[in-house]
Chemist: 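The structure's right below; bear with me while I get my questions together.
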Amino acid sequence: MVPTSKGGLFFALGFDVHPLVEGRKLYLGGVEIPYSKGALGHSDGDVLLHSIIDASLSAGGLPDIGTLFPDTDPKYKDIRSTKLLEEAITLLKRKNFTYYQVDLTLVLDEPRISHYYQRIKAELSVLLGIPPERIGLKARRSEGVIFQSERPAIASFALVVLEKIHNDVTL
Ligand code: MG
């Protein structure tokens, strides 16, 4: 989206997907979910945060997550995605962006996570600086159509709405 000098709301979509494998911890929205498998990835594989970060960067007119935090850089090996989000927020704040609303949809067949919704939303509320009421979070099963049982995975779609809080003379 093209920034204007008048501020306003800026929105973008983000998507991410990671395989679920044994021997990894499962993080969603910065919260560790007790489970026998976790997301395989260069970082901690927090698919929810990765989709939020990518949508946020896009809404803010910044390079994407793979450009800013390349998975070939040892600096980001096993890094917590909350750190990546903090870095992204720092870049967004420099352009006078703040969060207004996020809406999230997870796609997974395992584990069941609905009883973690409130905890994840509480964590995201702190990380993003918006009330839980402005965070939509739901999950849908892939019904084996998207992810086969022998190759489980977890995907996340994020819609992020940023507010540009005042004029940015650097634009
Ligand atoms: Mg990712």
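Atoms within a ligand are numbered from 1 in the order they appear, just like the ligands themselves.
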Chemist: Shortest non-hydrogen contact from H18 to L40?
Modeler: ND1-O, 2.7 Å
Chemist: Looking only at N, O or S atoms, find the one in H18 nearest to the Mg ion (ligand 1) and name it.
Modeler: NE2
Chemist: Could you report the tightest heavy-atom contact between A55 and L13, atom names first, then the distance?
Modeler: CB-C, 3.6 Å
Chemist: Decide salt bridge (Lys or Arg N to Asp or Glu O under 4.0 Å) for K37 and E110; before the verdict, give the C-alpha distance in whole Å, the side-chain angles of both, and the deciding distance to 0.1 Å.
Modeler: CA-CA 9 Å; K37 296 171 189 158; E110 57 179 86; 3.1 Å; yes
Chemist: If every non-hydrogen atom of I53 is compared with every non-hydrogen atom of F69, which pair is closest and at what distance?
Modeler: CG2-CE1, 4.3 Å
Chemist: Looking at H50, which of its N, O or S atoms is the nearest one to the Mg ion (ligand 1)?
Modeler: ND1
Chemist: The Mg ion (ligand 1) is nearest to which N, O or S atom of D16?
Modeler: OD2
